[in-house]
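Below: the structure, in structure tokens.
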Amino acid sequence: VNAITSATGTLREDAVIGTTVTVTPALAATDADQGLDHGTIHWEIVGGNTDGYFSMQRDGTITLVKKLDYETVKLITLNVQAVDGPGKRSTVIENVAISVTDYNDNAPVFSAIHSTVNILAGFTNGTDLLDFAPLLSDQDSGVNGQYALSFGTPTASFNFDTTTGLKLQNKIPLPVTPTQYILEIVATDKGTIPGPLAATATVTVNVLDNNLNSPTFGADSTITLSE
């Protein structure tokens, strides 16, 4: 029995159980013997399937039997072999390299869905109030794991920095009197298949009195005390 030595295939991580892997080139083997007993060839997986993601039918069809996860496994190389009727195996083990491609199946995650920032009144615009970089994560890879921030409700008082886009800043000088703002922050990833995913969190910004003004006395006054 003689067979080709290598082939490749691709599956997206969201492929459902029972999906058939398209292999290129198609598995092929020849046997110089004739007849059903000696000339019939079937295929078997003989290695590389340690985690049991695939099964193989006798005609060489490779089928997914266990859910894939791109963040866990990106390439599975199966070792397959052609066998004729009497059990004589091909002299070469064929490698079938199956690549797993990413799918945007994870939304960004805030480690805290509510944060509070206390600042003194009178801060100039462009002050960094909160850095979301350590508070956000996305388990996907590549573009699917990248994200951008926006406000759930437009605000004229705040924005995000232009360098990382992950730092909350005040856009205008904040009031000199105590004030509270409640902001909805939306993190949206850049996934395209099946599309972007998003998560939300809230930030309460408390503008506190910074005690900039000293006590003052009014006009001169005279106090008369009797004995």
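A quick note: this is a predicted structure, and the numbers were derived from the prediction, not measured.
Residues Asn104 and Thr192 have side chains not in contact (no heavy-atom distance under 4.5 Å, counting atoms from C-beta outward). In this structure, Phe158 and Val205 have side chains that are in contact, with non-hydrogen atoms separated by less than 4.5 Å. Using a 4.5 Å heavy-atom cutoff, the side chains of Asn79 and Asn95 are in contact. In this structure the side chain of Thr19 reaches within 4.5 angstrom of the side chain of Leu11, judged on heavy atoms. Inter-residue side-chain proximity for Asn125 and Lys171 is flagged as unmet; no heavy-atom pair is nearer than 4.5 Å. Taking the side chain as every heavy atom from C-beta outward, Lys66 and Leu68 never approach each other to under 4.5 Å. When side chains are defined from C-beta on, Thr20 does not count as touching Ile62, because their heavy atoms never get closer than 4.5 Å. Residues Val23 and Thr8 are not in side-chain contact: their nearest non-hydrogen atoms beyond the backbone lie 4.5 Å or more apart.
Nearest approach of Glu94 to Ser6, heavy atoms of both residues: CG-N, 3.8 Å. Across all non-hydrogen atoms, the minimal contact from Asp138 to Gly145 is CB-O, 3.6 Å. Nearest heavy atoms, Pro108 versus Ala187: CG-O, 3.7 Å. Listed here is the closest heavy atom pair of Leu75 and Ser99: CD1-OG, 3.7 Å. Ser111 approaches Pro134 most closely through the heavy-atom pair OG-O, 4.3 Å. Nearest approach of Glu71 to Gln139, heavy atoms of both residues: CG-O, 2.9 Å.
Rounding to the nearest 0.5 angstrom, the gap separating the CD1 atom in Ile45 from the CD atom in Gln81 is 12.5 Å. Note that CG of Asp131 is 6.0 Å distant from OG1 of Thr164, once rounded to the nearest 0.5 Å. If you take CD1 on Ile76 and CG on Leu64, they are separated by 8.0 Å, rounding to the nearest 0.5 Å. Summarising the geometry, atom CG belonging to Leu168 is positioned 9.5 Å from atom CG belonging to Asp161; distances are rounded to the nearest 0.5 Å. Here Ser150 contributes atom OG and Asn159 contributes atom CG; the two are 13.0 Å apart, rounded to the nearest 0.5 Å. To the nearest 0.5 Å, atoms OG (Ser55) and CD1 (Ile17) are separated by 10.0 Å.
Between the side chain of Glu13 and the backbone N or O of Asp69 there is no donor-acceptor pair closer than 3.5 Å. Panel note: side chain Thr188, backbone Val186; no donor-acceptor pair is recorded below 3.5 Å. Asp59 places a side-chain N or O within donor-acceptor distance of the main-chain N or O of Thr61, the cut-off being under 3.5 Å. Using modelled atom types, no side-chain atom of Asp189 and backbone atom of Tyr147 make a donor-acceptor pair closer than 3.5 Å.
When the side chains of ILVMFWY residues are joined at heavy-atom separations under 4.5 Å, either directly or via intervening members, Phe110 and Leu197 end up in two distinct hydrophobic clusters. One hydrophobic cluster, built from ILVMFWY side chains closer than 4.5 Å, holds both Leu136 and Ile185. If you chain together hydrophobic residues whose side chains sit under 4.5 Å apart, Tyr53 and Val65 never meet in one group. Cluster membership for Val203 and Ile113, using ILVMFWY side-chain heavy atoms within less than 4.5 angstrom, is not shared. Under a hydrophobic-cluster definition in which Ile, Leu, Val, Met, Phe, Trp and Tyr are linked whenever side-chain heavy atoms come within less than 4.5 Å, directly or via other members, Val117 and Leu183 are assigned to the same cluster.
Asp140 and Asn106 share a donor-acceptor pair across their side chains, judged by distance under 3.5 Å alone. Side-chain contact annotation: Asn118 with Asn206, donor-acceptor N/O pair under 3.5 Å present. For Asp128 and Gln169, the side-chain atoms include at least one donor-acceptor pair closer than 3.5 Å.
More than 12 heavy-atom neighbours from other residues, nucleotides or ligands sit within 6.0 angstrom of CD1 on Ile172. Within 6.0 Å of CD in Glu184 there are more than 12 heavy atoms belonging to other residues, nucleotides or ligands.
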**Asked** Should Phe54 and Leu78 be marked as a side-chain contact (heavy atoms from CB on, under 4.5 Å) after you check the CA-CA gap, both sets of side-chain angles, and the distance that decides it?
**Response** CA-CA 9 Å; Phe54 299 99; Leu78 301 177; 4.1 Å; yes
**Request:** Apply side-chain contact (heavy atoms from CB on, under 4.5 Å) to the pair Leu130 and Ser115, showing each step before the final yes or no.
**Result:** CA-CA 9 Å; Leu130 180 62; Ser115 301; 4.0 Å; yes
**Prompt:** Are Val83 and Trp43 close enough, and set up right, to give a side-chain contact (heavy atoms from CB on, under 4.5 Å), and what steps lead you there?
**Reply:** CA-CA 6 Å; Val83 183; Trp43 293 86; over 6 Å; no
**Request:** For the pair Ile93 and Val46, evaluate side-chain contact (heavy atoms from CB on, under 4.5 Å) and give the outcome as yes or no after the intermediate values.
**Result:** CA-CA 8 Å; Ile93 293 178; Val46 295; 4.1 Å; yes
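Take Asn144 and apply the side-chain hydrogen bond (donor to acceptor under 3.5 Å, both in side chains) test, not counting sequence neighbours, and it matches Asp102.
Aromatic ring orientation, Phe160 versus Phe151: parallel (interplanar angle below 30°, classes split at 30° and 60°).
Ile193 shares a hydrophobic cluster with Tyr103; the chain of contacts runs through ILVMFWY side chains whose heavy atoms sit under 4.5 Å apart.
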